[in-house]
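What follows is a set of notes on a single structure, which appears directly below.
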Amino acid sequence: MTQLRCDRTPAWGALKAAYQASGKDFDVRKAFAGDARRFDTLSQQAPHVFADLSKNRFDAETEQLLMDLARQAGVEAHRDAMFAGEAINNTEQRAVMHWLLRNPPPAIVNHVRVAIKNVAKELSDVHATLDAMLAYAQAVRLDTAITDVVNIGIGGSDLGPQMAVLALDEFVVPGKRFHFVSNVDGHELAATLKRVKPESTLFLIASKTFTTIETMTNAASAKAWFAANGGTDIARHFAALTTNVAAANAFGITTTFGFWDWVGGRYSMWSAIGLPLAIAIGAQGFREFLAGAHDMDEHFRTAPLAHNLPVRLGLLDVWYRNFHGFTSRSIAPYHSALRRVPAYLQQLEMESNGKQVDASGEALPFGTSPVLWGESGTNGQHAYFQMLHQGTDVVPVEFVAVKKPKHKLPGHHNMLLANALAQAQALMTGKLDAGGHRNFPGNRPSTFLLLDELTPTSLGALIALQEHRVFVSGSLWGINSFDQWGVELGKVLAKDIEPRLTSGDTTGLDGSTAGLLGKLRA
Ligand code: F6P
């Protein structure tokens with residue numbers, strides 16, 4: 001695999017020169033005035049997602065240079081290495097194959113294409129597990145005695161299924177409630193347990209490692225509550241979703257659905273971790289969700305760079321982060337069911353690309369992951385959009401809108417879409433004639449993603465698109481997007497501090513931590 005860090009390519013210098021010459025003062029309004037075809041050139045239909053990039057501070061020429069950058073940095077070879085099952089997660093010596101979870105079964109693949117030949121065994125395992133998990137999901141759906149499903153998991157074992165069950169609320173089986181408990185804060189579990197009964201609840205313990213302290217603490221408390229309230233049949237009321245089936249068994253759970261170390265936590269919603277979603281939307285719905293993502297995988301794997309949406313988005317991300325110096329991106333889903341998407345994308349991008357060294361461990365001389373943040377529209381408009389329009393920092397905004405609503409309330413949807421369009425328009429056009437406090441500088445960049453309808457298929461494609469754009473920027477930066485060493489230190493320190501809260505021992509602690517510990521014990 002031949003990869004070259006972005007700053008070591010000839011294109012990097014060319015982009016620096018282009019930024020100085022025309023990039024830094026680029027005015028999107030002027031670009032539109034000078035190019036009647038700008039919308040056509042800078043928008044595209046990808047599988048299930050239409051994207052308009054034309055309100056961004058670049059043009060076809062800059063995009064060409066960015067494409068050179070991708071080619072010279074070896075993004076294609078890196079992508080192909082991922083799709084060939086190579087161990088591209090080099091610090092953990094693991095393959096990165098969440099995409100395989102979305103691949104059609106081997107029988108179909110053999111007829112259609114041969115790309116999967118290196119991982120045929122893994123693909124059969126994937127489908128054997130998927131079939132078992134979906135059969136179980138169907139049985140739970142038919143089981144009217146189970147009214148509540150409580151998912152206990154955190155990070156990738158929580159955010160994905162939680163986001164997707166909310167997003168696909170219109171497809172959720174009637175008669176079942178879904179709860180997500182992630183925080184070690186007992187208030188969360190206690191509040192959920194108040195609302196459920198042992199005889200009608202299914203607890204799903206979701207943890208790739210089955211060692212995460214929050215999940216283990218919540219799982220133990222849930223199990224104790226179950227027993228204390230007359231529950232006896234653990235096999236019926238508890239299932240574990242994990243790569244560590246032995247640990248789940250040792251914990252006393254015999255109903256288990258496995259996955260593999262080549263599925264990263266934040267990429268795991270397509271595996272057994274997706275069980276809450278599968279119960280919610282059914283086997284057929286879950287297969288459609290996988291199929292939508294697979295369509296995007298195939299697009300990313302095969303489309304020429306210039307028409308490859310994840311590549312175009314990832315390159316734009318690098319253009320903004322490393323040349324314009326923008327440090328954050330705001331996600332604005334104009335659909336209330338997509339309200340947990342910003343939280344989901346935070347983990348996806350910031351845990352993947354929030355790194356300060358490259359894959360070989362060398363310190364990076366440029367910025368990496370932006371801060372991702374956001375709220376659903378129109379709510380954000382009445383909170384922080386003020387800053388987006390008139391603040392001193394430029395924050396690229398990514399709008400996500402859905403053409404067809406699922407409700408029949410008159411007027412609402414056009415109002416919603418009008419607001420999305422108006423915000424993107426206002427950010428770009430601005431308004432300078434009023435003066436002073438009423439001035440809008442404009443030229444504030446945004447991308448507009450549009451789904452025809454919010455369905456399992458389109459949601460799958462939208463999320464796979466985001467995964468692959470994060471792959472592209474991470475690849476250009478030369479980092480390993482698939483480890484997360486940065487979460488370790490806090491875990492270790494919490495273990496050290498916890499007994500001190502009881503003992504009061506402050507030996508070796510810094511002044512602030514010792515002071516706060518004292519306050520908490522007083
Ligand atoms: O602490 C970070 C992390 O390792 C995430 O990457 C992961 O999604 C989360 O914890 C949960 O891990 P697990 O599924 O093993 O409980």
Side-chain angles (χ1 to χ4, degrees), residues 88-98 101 129 133 150-165 180-185 188-189 203-223 238-251 253 256-277 340-355 369 372 463 466-467 470-471 474 479-498:
I88 63 168
N89 172 354
N90 68 318
T91 58
E92 297 174 311
Q93 275 309 305
R94 286 178 185 164
V96 172
M97 297 205 293
H98 45 278
L101 302 165
T129 307
M133 161 191 156
V150 178
N151 190 79
I152 294 181
I154 196 164
S157 299
D158 165 69
L159 290 164
Q162 188 189 146
M163 173 278 289
V165 168
F180 290 86
V181 175
S182 54
N183 202 322
V184 74
D185 181 351
E188 199 168 270
L189 179 64
F203 289 96
L204 302 177
I205 312 303
S207 176
K208 178 177 170 180
T209 54
F210 226 77
T211 57
T212 305
I213 197 77
E214 290 90 336
T215 303
M216 293 303 101
T217 305
N218 280 324
S221 298
K223 200 168 144 222
F238 282 78
L241 324 174
T242 183
T243 60
N244 190 355
V245 170
N249 291 159
F251 181 83
I253 299 181
T256 59
F257 297 94
F259 58 111
W260 305 272
D261 70 358
W262 42 261
V263 182
R266 55 193 170 276
Y267 300 88
S268 64
M269 133 174 90
W270 323 94
S271 71
I273 294 294
L275 183 57
L277 179 65
R340 289 296 286 168
V341 166
Y344 178 81
L345 295 183
Q346 265 171 356
Q347 186 195 15
L348 176 61
E349 184 142 353
M350 294 164 75
E351 203 175 68
S352 297
N353 286 348
K355 312 279 164 71
S369 176
L372 250 74
I463 299 302
Q466 300 289 344
E467 288 177 352
V470 167
F471 177 93
I479 61 188
N480 178 1
S481 300
F482 301 101
D483 60 12
Q484 56 283 320
W485 300 107
V487 303
E488 295 304 323
L489 180 59
K491 288 184 189 175
V492 172
L493 294 183
K495 263 199 193 141
D496 170 67
I497 290 176
E498 199 196 339

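Every number for a ligand or one of its atoms is a count from 1 in the order of the listing.
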Discussion item. For ligand 1, which is the ligand I care about here, please tell me if Gly156 has any N or O atom under 3.5 Å from one of the ligand's N or O atoms.
Written reply: yes
Worksheet item: What's the shortest distance from atom 11 (C) of ligand 1 to any protein heavy atom, and which residue and atom give it?
Response: Ile154 O, 3.2 Å
Worksheet item: Of all residues at least two apart in sequence or in a different chain, which pass the side chain to side chain contact (heavy atoms under 4.5 Å, CB included) check with Asp158?
Response: Gln162, Phe180, Ser182
Worksheet item: With a cut-off of 4.0 Å, which atoms of ligand 1 are near a heavy atom of Ser157?
Response: 13 (P), 14 (O)
Discussion item. Are Glu351 and Val487 packed together at the side-chain level, in the sense that at least one heavy-atom pair is separated by less than 4.5 angstrom?
Written reply: yes
Worksheet item: At a non-hydrogen distance cut-off of under 4.0 Å, which region of Val487 contacts ligand 1 (side chain, backbone, both, or neither)?
Response: side chain
Fill in: Glu188 side chain reached by Asn218 side chain, heavy atoms, under 4.5 Å
no
Discussion item. In the structure I gave you, are the side-chain heavy atoms of Phe210 and Ile205 within less than 4.5 Å of one another anywhere?
Written reply: yes
Practice prompt. Would you kindly check if the NZ (Lys) or CZ (Arg) of Lys223 is within the cone defined by 45 degrees around the ring axis of Phe238 and under 6.0 Å from the six-membered ring centre?
Written response: no
Fill in: atom 12 (O) of ligand 1: the protein heavy-atom neighbour that sits closest, reported with distance to 0.1 Å
Thr212 OG1, 3.4 Å
Fill in: Any protein heavy atom nearer than 4.0 Å to atom 14 (O) of ligand 1
yes
Worksheet item: Of all the non-hydrogen atoms in the protein, which one sits nearest to atom 4 (O) of ligand 1, and at what distance?
Response: Lys491 NZ, 4.0 Å
Fill in: CD1 on Ile253 to CG on Leu241, rounded to 0.5 Å
9.0 Å
Worksheet, complete the sentence: Looking only at non-hydrogen atoms, the one of Met216, Glu351, Glu214, Gln484 nearest atom 2 (C) of ligand 1 is Glu351
